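Each chain gets a letter, A, B and so on, in the order the sequences are listed, and its residues count up from 1. Keep in mind that this is a model prediction, so the values were computed, not measured.
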Protein chains: 4
Amino acid sequence: MRKKDDEKQKNIKEAVIKLTLKEGFHGTSISKIARKAGVSPATVYVYYENKEIMLQEIYLEYSEQVFNHLLSKVRNDMDGKELTEILLRSYYNYIQENEEIFRFVDQFSSCPALANSCGEKKGIKDLNRFLDEQKKNKVIKDVHNYNIIAIIFSPIKSIAINHCIREEEKLKLLKEIITVIQSALLL
Amino acid sequence: MRKKDDEKQKNIKEAVIKLTLKEGFHGTSISKIARKAGVSPATVYVYYENKEIMLQEIYLEYSEQVFNHLLSKVRNDMDGKELTEILLRSYYNYIQENEEIFRFVDQFSSCPALANSCGEKKGIKDLNRFLDEQKKNKVIKDVHNYNIIAIIFSPIKSIAINHCIREEEKLKLLKEIITVIQSALLL
Amino acid sequence: MRKKDDEKQKNIKEAVIKLTLKEGFHGTSISKIARKAGVSPATVYVYYENKEIMLQEIYLEYSEQVFNHLLSKVRNDMDGKELTEILLRSYYNYIQENEEIFRFVDQFSSCPALANSCGEKKGIKDLNRFLDEQKKNKVIKDVHNYNIIAIIFSPIKSIAINHCIREEEKLKLLKEIITVIQSALLL
Amino acid sequence: MRKKDDEKQKNIKEAVIKLTLKEGFHGTSISKIARKAGVSPATVYVYYENKEIMLQEIYLEYSEQVFNHLLSKVRNDMDGKELTEILLRSYYNYIQENEEIFRFVDQFSSCPALANSCGEKKGIKDLNRFLDEQKKNKVIKDVHNYNIIAIIFSPIKSIAINHCIREEEKLKLLKEIITVIQSALLL
DNA sequence: TATGAATGAGTGTTCATTCAT
DNA sequence: GATGAATGAACACTCATTCAT
């Protein structure tokens, strides 16, 4: 693939995410995407077999991203307190800094008609491996990974994506919830 | 003059929820709804001004329901342990028993194009009042309500709606997460 | 028929005329008419068999009106100059004072799909009789009535219904065209 | 990339005009137009942004035509009598030979909901220029152009479009009205 | 008489996709 | 590879009209 093409595909991806946020999957049509991306509707089909596959591919690509981001921030030699703090704050920051992508992925996940596979993704596998090691090292309580992930990420997400709370209020909530979660997970 | 037929409206609501789950908001068209509800497409417009208002109204009606359910299960004389256990298990059970409605509401909430109001709903107001009282009585830690709700409900939800875990496994996770959450919230 | 009913029918007629002007026959639906008239759509069918008949009846009623107006203004003992002046000015004034009705009738007449009958109306019969008498009395030239009517009314109409000319300019045009028409028709 | 097919657009235009005459703007739907033009309803939207713009564009195109026709028939060296005769007969013939287009334009003009602009068209500008010159050369009376046009064209039109008069009778009326109009306009 | 509920048939328009270039 | 033309199928919605009260 030439450079030119990559540019086009990037534009398409960005158009999909922006439009999905503004108008929902409902209002995101191929021709609108094409218009926003500056290409012809037919060109979209050069890069993706059809609309559903396009959405799935874009979703998969971006849904991995957050895990890589998180894993890049932690190290094995951190103690439990530092580890959870870093993990939680990194997750919060990721959402803030990648709001459009995050909301796209989130919206996609909540739609049973789109995201119904049980296939475990690569990113989460790495995270699980990391958590297992931490439990072995007695850094965090011996709780099922699924529960650790649930208790770590869901509350942060609900703070981060709320549009009705001001930034500074959010940071206070974040600080508080970190303490609460630490008291839940640390030995 | 004929009277409005409650049966018809009920059928429409059920059709909306079932179709939204199967096909997303995307694939839920007025004519499909009408067909499933056994009425003419035009009849839908006797009960709802347009599609968007229809979805909003159905969403609002059902999004309140869970709070009423939870509040009906708890009493002021419960101690912290009992209280959290009841709250968490009731929430889990509500999701299991009202899966379709819950997923509809959840999907709706995750769609920025649909649910973008900040207006606090009546149900959550009652819950906030209840939590304030519990904190005053030293039953639970003095943590901001927003965080309490986040840490209580989000993890339970992520267990309950997961379609890839078997029922018995879910119950084990539930039992475990209850202990974890209790250690986070109780004094 | 009771008084109440006449009121309703009057409201319907007025709604038809106002809506037709604003939105064309195209945008004038029974339910819009009913809403504007303050009755139920079904009530319209109490007074008119169906939409087409309703339009025809209203058209017929109002299309007669102008002739009665004109004939009420002229007398047999007028000389040619006075007669034409009165006729032309009365026509102009009628259009100005009954703009909505006039435009409704005009729009209806121009639509081959609606007004395609050749049946001579009563009003025009009276006018023809009057013109015949004037010709016999050598008040106006011996020209076919159809042409007299055409040359008298069409130019006036085109001045009167023009929305782009100011009132005072219209009156100047009217004064001038009266002289021109007089030089065409008077002996 | 396929090229736009002029044949298709021509078929659409013809379908619009024929249907509008038969059924009024009221009954002229995109799907009927498409069926008559032998294309898909969606194809209409390749050529026109929406229905209203489509009608406006077709109207504008054809409403100019008559002026060009008239101006092509007259020359500056004609005397007043010849000039008016040519003008009036050409107008009459144009209507007879382009009945569908003429009635379409006429119907459109009479509908306030559609034709409500005051913008002077190019065709009428040329005609005005021509009339000014004739007045300067003392060929016709010094009467406001608006009145000249009104008195020349409206009566002819009312003869030409009448469906209840036979052809030969029309020609007699035409001959007569020409004399009448000449006596009105010539010095 | 009067009405709101109900509807099959239609509206204008957009859709995802394919075709021809 | 890239594209605008083209389309059958679907969309949300409104229509004129009838029905039950």
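In this model, no donor atom of one side chain and acceptor atom of the other lie less than 3.5 Å apart for C:H26 and D:E52.
Heavy atoms of B:Y48 sit nowhere under 4.0 angstrom from any nucleic acid atom. B:I30 comes within 4.0 angstrom of sugar-phosphate atoms only, judged by non-hydrogen atoms across all strands, and of no base. Using a 4.0 Å heavy-atom distance criterion, A:S29 is classed as a sugar-phosphate-only contact.
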Kindly determine whether B:K13 and B:K18 satisfy side chain to side chain contact (heavy atoms under 4.5 Å, CB included), including the steps that lead there. CA-CA 9 Å; B:K13 272 189 248 177; B:K18 284 200 155 64; over 6 Å; no
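The distance from atom CG of B:D5 to atom C1' of E:dA6 is 10 Å, rounded to the nearest whole Å. Atom CD in C:E23 sits roughly 18 Å away from atom P in E:dT11 (whole-Å rounding). Per the geometry, CZ belonging to C:F25 stands 19 Å off P belonging to E:dT11, to the nearest Å. Summarising the geometry, the separation between CD1 on A:I33 and P on E:dT14 is reported as 16 Å, rounded to the nearest angstrom. At whole-Å resolution of the value, OH in B:Y47 and P in F:dC13 are 18 Å apart. What separates CZ of B:R35 from P of F:dC11 is a distance of 8 Å, to the nearest Å. Here the C1' atom of nucleotide E:dA5 and the CD atom of B:E7 are 16 Å apart, to the nearest Å. Rounding to whole angstrom units, CD of residue B:E49 and P of E:dA5 are separated by 14 Å.
If you check E:dA20 for Watson-Crick or wobble pairing at under 3.5 angstrom, you find it paired to F:dT3. Nucleotide E:dC15 forms a pair with F:dG8, judged by Watson-Crick or G-U wobble geometry with both contacts under 3.5 Å. Remark: E:dA9 base-pairs with F:dT14. Criterion, Watson-Crick or G-U wobble with two distances under 3.5 Å.
A sub-4.0 Å separation between OP1 or OP2 of F:dA6 and a side-chain N or O of D:S40 is absent. Here C:Y45 does not reach the OP1 or OP2 of E:dA2: none of its side-chain N or O atoms lies under 4.0 Å away. Contact check, A:S31 against E:dC15: a side-chain N or O comes under 4.0 Å of OP1 or OP2.
Contact annotation: the side chain of C:I17 approaches that of C:Y62 to within less than 4.5 Å [non-hydrogen atoms, C-beta and beyond].
The nucleotide whose nearest atom lies closest to any side-chain atom of A:V46 is, among F:dA12, F:dA2, E:dT17, F:dA2. Comparing F:dA5, E:dT11, E:dA5 by their closest approach to the side chain of B:K4 singles out E:dA5.
Below 30°, between 30° and 60°, or above 60°: for C:F108 and C:F25 the angle between ring planes is above 60°, a perpendicular geometry.
Ranked by how close their nearest DNA chain F nucleotide is to the 5' end, B:T28 and D:K8 are led by D:K8. Heavy-atom nearest nucleotides on DNA chain E were determined for D:E52 and for A:E52, and the one closer to the 5' end corresponds to D:E52. Projected onto DNA chain E by closest heavy-atom contact, A:A42 and D:N50 fall at different nucleotides, the more 5' of which corresponds to D:N50.
If you take OH on A:Y47 and CE on A:M54, they are separated by 14.0 Å, rounding to the nearest 0.5 Å. In this structure, D:T28 OG1 and D:L21 CG are separated by 8.5 Å, a value rounded to the nearest 0.5 Å.
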